[in-house]
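Since we're looking at a predicted model, the values are computed, not measured. Start at 1 and go down the list; that is how both ligands and their atoms are numbered. The first residue in the sequence is number 1, and the count goes up from there.
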Amino acid sequence: MPALREDLVIQEGDWATLGEAASELRRRVFIEEQQVPRDEEWDGRDADCRHFLALHLGEPVGTARLLPDAHIGRVAVLSGLRGQGIGVLLMRAAIAAAHREGHPAVELAAQTHALPFYQRLGFQAFGNEFMDAGIAHRNMRLIFTD
Ligand code: COA
């Protein structure tokens, strides 16, 4: 469990290990805050994913997942702790895991408000805007060069 900042740790693990904490974060951010329908949030794919959990002073504050096909998703940071680099650290951990697994690239479906967040990490948008769970999205891709 590498310490990335004095008060912040990113954990990586499976759903059995991290699912309880990740579920609570996703319930608060996606279902309560963003009004994503429950049956769309819980899509049955979590057991197949690698999961990432940000702990601030030991408390879960952010999460993300990596699907077996190298799609990153469910990136969420508690609203009161945004803008402090936690999302970037979660994304770097998920990108590093995909790279380690030998994928040539990672992809994600970005909510359009978050395009600049992913662009800063090197992702480029492709294709047209589309709606998912009532929210506008665009697909984005980061190709590994090494
Ligand atoms: N729009 C534009 N820029 C954004 C942004 C957004 N929604 N979210 C973050 N950024 C920018 C930050 O300003 C920061 O830039 P700076 O270093 O110049 O200040 C940079 O991206 C890094 O942001 P960071 O602090 O690491 O992000 P975060 O911890 O706030 O997490 C999200 C970003 C998107 C995960 C967070 O806003 C969130 O959980 N949103 C609600 C759920 C969501 O929309 N998830 C994405 C689904 S695709």
request  = Could I get the full list of side chain to side chain donor-acceptor pair (under 3.5 Å) partners for Q84, not counting sequence neighbours?
outcome  = none

inquiry  = So, taking the atom named NE2 in H99 and the one named CG in D146, what distance separates them when rounded to the nearest 0.5 Å?
reply    = 3.5 Å

query = Excluding sequence neighbours, so at least two apart, what forms side chain to side chain contact (heavy atoms under 4.5 Å, CB included) with E59?
reply = none

key: Donor-acceptor pair, side chain of R50 and main chain of A98, under 3.5 angstrom   = no

query = W42 vs W15 aromatic rings, parallel, tilted or perpendicular, using cut-offs 30° and 60°?
reply = tilted

Identify all pairs of nitrogen or oxygen atoms, one from ligand 1 and one from the protein, separated by less than 3.5 Å, and list them with distances.
unit_1	atom_1	unit_2	atom_2	d
ligand 1	1 (N)	H113	O	2.9
ligand 1	7 (N)	H113	O	3.4
ligand 1	7 (N)	H113	ND1	3.0
ligand 1	17 (O)	R120	NH2	3.3
ligand 1	18 (O)	R120	NH1	2.9
ligand 1	25 (O)	G83	N	3.3
ligand 1	25 (O)	Q84	N	3.1
ligand 1	25 (O)	G85	N	2.7
ligand 1	26 (O)	G87	N	3.4
ligand 1	26 (O)	V88	N	2.9
ligand 1	29 (O)	G87	N	2.8
ligand 1	30 (O)	G83	N	2.8
ligand 1	39 (O)	V77	N	2.8
ligand 1	39 (O)	V77	O	3.4
ligand 1	39 (O)	R82	NE	3.4
ligand 1	44 (O)	Q34	NE2	3.1
ligand 1	44 (O)	Q111	OE1	3.2
ligand 1	44 (O)	H113	NE2	3.0
ligand 1	45 (N)	V75	O	2.8

remark   = Residues at least two apart in sequence or cross-chain that pass side chain to side chain contact (heavy atoms under 4.5 Å, CB included) with E32, listed by chain then number, are R27, R28

